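Since the structure is predicted, the reported quantities are computational estimates derived from the model, not experimental observations.
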Amino acid sequence: MVDTIAKRPGHKRSANISLSPDVYDGAKRLGINLSQTCDRLLRQVIRDEEARRWSADNAAFIDAYNKVSEAEGLPLDHWRSF
């Protein structure tokens with residue numbers, strides 16, 4: 001039941017995090033919402049890490065494709081008008 005509730009739009013899970021005192025105090029002083037900021041920044045970190053892992057997982061294919069493209073040209077090159 002917890003998993004289906006957590007997947008509902010707008011639902012969030014609680015998490016305990018530790019911050020340096022100066023970071024915590026500065027955020028509070030400036031009225032920065034810690035939950036929203038952490039959520040937004042972690043989403044970006046997750047996207048970046050997923051992209052990095054995809055590139056690493058597919059590096060051999062990308063390298064092989066690039067070598068074929070360099071040797072033979074792009075498949076539809078002769079149709080290109082620019």
Side chain D63, main chain A59, donor-acceptor under 3.5 Å
no

When you measure from the side chain of N66 to the backbone N and O of I62, does any donor-acceptor pair fall under 3.5 Å?
yes

For Q44, give me all partners under side-chain hydrogen bond (donor to acceptor under 3.5 Å, both in side chains), at least two apart in sequence or on another chain.
R47, D48

What residues form a side-chain hydrogen bond (donor to acceptor under 3.5 Å, both in side chains) with D57, not counting sequence neighbours?
none

With [X] via side-chain contact (heavy atoms from CB on, under 4.5 Å) - residues at least two apart:
{"X": "E49", "result": "R52, R53"}
{"X": "L19", "result": "I17, Y24, L34"}
{"X": "S69", "result": "Y65, L74"}
{"X": "W79", "result": "none"}

Distance check, rounded to the nearest 0.5 Å: L41 atom CG versus I46 atom CD1?
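The CG atom of L41 sits 11.0 Å away from the CD1 atom of I46.
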
